[in-house]
Amino acid sequence: MDGSGLCSTAIGPRFALPAAHCKDAGGEFMMVVSGGYYGGREYYRRIKSKKVHPLYEEGNGFVGDVAVFELDEEVPEEIPYVKLNPTLI
């Protein structure tokens, strides 16, 4: 499994917020790291779905450069995440 090249913020136990320009990086899996990239524990989750901001277009700078990925299963409780309003996801 190769989750390299994809950085994001966990926004729920099954959701991640990467940049839209990373939508094709890392293949079908996402690596979730707890405790820092170096020396932390790694967990892999399959990406169930990807939603890209409707204003995002490649080569258009950073306009709409955000996406939401749904993971196939929850990450462990030790992974902290930003709590957002669920109606926004």
Fill in: Interatomic spacing from CD1 in Ile47 to CG in Leu71 - rounded to 0.5 Å
7.0 Å
Worksheet item: In Å and rounded to the nearest 0.5 Å, what is the CZ to CD distance from Arg45 to Glu74?
Response: 9.0 Å
Worksheet item: Testing Lys51, Lys50, Lys48 for side-chain contact (heavy atoms from CB on, under 4.5 Å) with Phe69, which one passes?
Response: Lys50
Discussion item. Check this for me, if you would: do Glu70 and Arg14 make a salt bridge, where the nitrogen-to-carboxylate-oxygen distance has to be below 4.0 angstrom?
Written reply: yes
Worksheet item: How many angstroms lie between atom CZ of Phe15 and atom CG of Leu17, to the nearest 0.5 angstrom?
Response: 11.5 Å
Show me, pair by pair, the donor-acceptor contacts under 3.5 angstrom made by side chains of residues 56-67, not counting sequence neighbours?
from	atom 1	to	atom 2	distance (Å)
Glu58	OE2	Lys23	NZ	3.3
Asp65	OD1	Ala20	N	2.9
Asp65	OD1	His21	N	2.8
Asp65	OD1	His21	ND1	3.2
Asp65	OD2	His21	ND1	2.6

